[in-house]
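This report concerns only the one structure given below.
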Amino acid sequence: MIQHHLPILQILVPLLAAPVCMFIRHPQVVWVWTLAIVWLCLPMSVALLLQVLDQGVIVYELGDWAAPWGIEYRVDSLNAFILVIVTMIASVVVPYGRTLVDSEIPASRIYLFYAMFLLCMTGLLGIAITGDAFNLFVFLEISSLSTYVLVSLGKDRRALTAAYRYLIMGTIGATFYIIGVGLLYMATGSLNIVDLGKLVPAMADHRTIQAALAFLTVGLALKAALFPLHMWLPNAYAFAPSVVTVFLAATATKVAVYAFIRVIFGIFGDIDVLALLPVRYLLMLLAVAAMFAGSAVAIYQNDAKRLLAYSSIAQIGYMILGISMDSVTGVAAGIVHLFNHALMKGGLFMALGAILYKTGSVDLRDMTGMGRRMPFTMAAFVVGGLSLIGVPLTAGFVSKWYLIQAALEAGWWPLAVLIVLSSLLAVIYVWRIVEIAYFQPGGQLPKIYDRAPLKLLIPMWVLTGATIYFGIDATTTMDIAYTAAKTLVPGGAP
Amino acid sequence: MSLDFPGLFNYWLIIILMMIGFYIVIAHGNLVKKIVGLNVFQVSVFLLYITMGKVEGGTAPILADGIEVYSNPLPHVLILTAIVVGVATTALGLALVVRIKETYTTIEEDEIDAMENQG
């Protein structure tokens, strides 16, 4: 019985838990409450994933109104995977966050922070699980609005302007998205994604449909921070509280990329949209531009958080590149990179959070000798950095391997060269930090041994360990990604 | 497809409003004006939905004797949700502007940029 209602419970539990935070108010109790909720959500999403892999798509009709009239939640192997990513990251971030939240956010506001955190998670899970295009917009705004609040809680006053700019850009993106959904509804009279996928191909050459595609693409690209619509991201990541940065970097843009996949392949999948308009080449071009521009700008950053933020922009480029190839291998590579990048960026930002907690700065110039001062934290950072580059035995290698394979399969060998070249840029920015932390002589703090508290180290190493684990044994993740990609790409041929 | 002027009057208005709003968001340096521009932009989309739901000669979708043609209520309901989202966004945006005013003592974008670049 309860099994049958899992899809809705996945959303309802965190949604209802958020206002409860407002009544609890006590900082420590609220933390325990949030922890209980996210640890309850994780097994739910894992159960959903196992059930989907076992029995195929789960359809849940809200209030028993049959689709396309009612809203349906539709769980397939792709969004079950996304649900697991979000809940998994959340269940590591909350135990990690306690110390940092206490140190970065005034005690009187902590309960508000956790309420917003739960709402943000609800929104992200909702985007993933819903099968209704307009419902997706509502969840998109739930997650975005709570994200603006979370970003603005940063200590630096620039967090406020970062949140404001994010709000303007995010709202424009979301509004573009509803214009697109409106145009689709005008032409087809349906809002259900599966139903749209059946109705749209018949009117593929209709101007309204093409305009809808343009609006949806731009709107979601803004949310996913695809180059050149990424301007909100670096400041938002750099000035948000450390915990928020970890959570956002690991989940928010990933879920937007998921929504993008859903629109491109779910709604427009059957009409080979990537060929209909020059959308495919446009996306590919932007993805490559993102890979290079993001990495190149990252090299010149002095603030480690900003450096990683720009690197995120480059990594989103890799995901979109995989999707734009429109082949099973390409899309699978994009999906698996979504997961791997969540692990490594989560681990990397957690390491920076620990450094910020101990030293009060993540400026590269203050990180001299950090390798000796905080060895365990820096070791986690190095593993994450290697994974960003794509060194074998790390998760990043797996995604790049499949990405290059997809490029070669399609005969686009220059793309494969570009992927390798952009990885070399990653070597430079990762090396900059490693050199300062380990090899720079002098430094005023040579002998201090300043280990981060275990409360920070354990979650950090859980994610870092997962980065290594999924780099060595990628069969589980690749299987899921391939299953998902096969259902998405028309024809399903490899 | 006919795009003759009076036939699609609403849509012309929507596009004009949309562009005015979008222009204000991009061009104005005053943070409050930006929010207002964003509002105009969003309202134009609300009008788009309301217009598409209208059926010529139809009335409000309430069951009554002698009425055969109804407007489509679904876009109207959808836009109720979007209006709520819009109100929340505006409120949050203005709250942020208040906080920015408190910490920066100004709400002009160029002055804030200058302060941020100084460090």
Side-chain angles (χ1 to χ4, degrees), chain A residues 68-69 71 116 119 123 132-135 137-142 144-172 174-187 189-191 206-208 211 215 219 235 239, chain B residues 1 3 11 14-15 18 21-22 25-26 28 31-32 34-35 37-53 72 74-75 77-79 81-82 84-105 107 109 112-113 115-117 119:
Chain A
W69 295 280
I71 293 171
M116 282 299 142
L119 270 186
D132 185 275
F134 194 84
N135 202 227
F137 161 74
V138 176
F139 281 119
L140 195 69
E141 281 303 71
I142 291 179
S144 302
L145 284 168
S146 46
T147 308
Y148 309 144
V149 178
L150 288 173
V151 170
S152 74
L153 285 170
K155 253 182 174 174
D156 195 302
R157 67 174 178 176
R158 281 171 289 180
L160 292 173
T161 45
Y164 179 87
R165 280 180 194 136
Y166 187 10
L167 182 137
I168 297 284
M169 299 285 263
T171 308
I172 292 174
T175 311
F176 267 54
Y177 178 81
I178 35 169
I179 297 173
V181 172
L183 293 174
L184 280 181
Y185 182 75
M186 240 183 213
S190 178
L191 288 169
H206 213 287
R207 187 76 62 81
T208 315
F215 275 111
N235 274 346
F239 300 122
Chain B
M1 198 163 76
L3 275 174
Y11 293 98
I14 290 162
I15 298 291
M18 195 181 279
F22 204 34
V25 177
I26 295 168
H28 272 271
L31 298 188
V32 174
K34 266 184 192 289
I35 298 275
L38 202 62
N39 250 306
V40 174
F41 181 52
Q42 285 182 309
V43 166
S44 74
V45 181
F46 301 163
L47 286 178
L48 173 74
Y49 270 74
I50 293 166
T51 306
M52 79 169 94
N72 182 357
L74 183 73
V77 176
L78 293 180
I79 230 54
T81 316
V84 174
V85 171
V87 170
T89 312
T90 311
L92 180 58
L94 290 176
L96 279 172
V97 174
V98 170
R99 294 277 316 277
I100 289 173
K101 170 83 180 164
E102 281 170 8
T103 44
Y104 286 88
T105 69
I107 52 166
E109 205 175 27
I112 293 171
D113 282 345
M115 283 165 137
E116 283 187 353
N117 291 334

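FYI, side chains are in, hydrogens and waters are out, and symmetry mates aren't considered; it's all heavy atoms of this structure. A, B, ... follow the sequence lines: proteins, then strands. Residue 1 opens every chain.
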Practice task
For chain A, find which of B:Thr81, B:Val45, B:Leu92, B:Leu78 contributes the most heavy-atom pairs closer than 4.5 angstrom.
Solution key: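 Most pairs with chain A among the choices: B:Leu78.
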Problem - When B:Val97, B:Thr89, B:Thr103 are compared by non-hydrogen pairs under 4.5 Å with chain A, the top option - result: B:Thr89
What part of [X] is in contact with chain A, defined as an atom under 4.5 angstrom from a non-hydrogen atom: side chain, backbone, both or neither?
X	value
B:Asn39	neither
B:Ile100	both
B:Tyr104	both

Fill in the blank from the handout: Between the CE atom in B:Met18 and the CG atom in B:Leu47, the distance rounded to the nearest 0.5 Å is 9.0 Å
Problem - For chain B, the option from A:Val149, A:Thr161, A:Val138 that forms the most heavy-atom pairs under 4.5 Å - result: A:Thr161
Any donor-acceptor pair under 3.5 Å from [X] side chain to [Y] backbone:
X	Y	result
B:Tyr49	A:Ile178	yes
A:Tyr164	B:Leu31	yes
A:Tyr177	A:Phe137	no

Problem - Contacts of A:Phe215 that satisfy side-chain contact (heavy atoms from CB on, under 4.5 Å) - sequence neighbours left out - result: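 Once residues adjacent in sequence are excluded, the partners of A:Phe215 under the side-chain contact (heavy atoms from CB on, under 4.5 Å) criterion are A:Phe176, A:Ile179, A:Leu183.
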Problem - A:Met169: partners by side-chain contact (heavy atoms from CB on, under 4.5 Å), with sequence neighbours left out - result: A:Leu222, A:Met231, A:Trp232
Practice task
Check whether A:Leu191 gets within reach of chain B through its side chain, its backbone, both or neither, counting any heavy atom under 4.5 Å.
Solution key: side chain
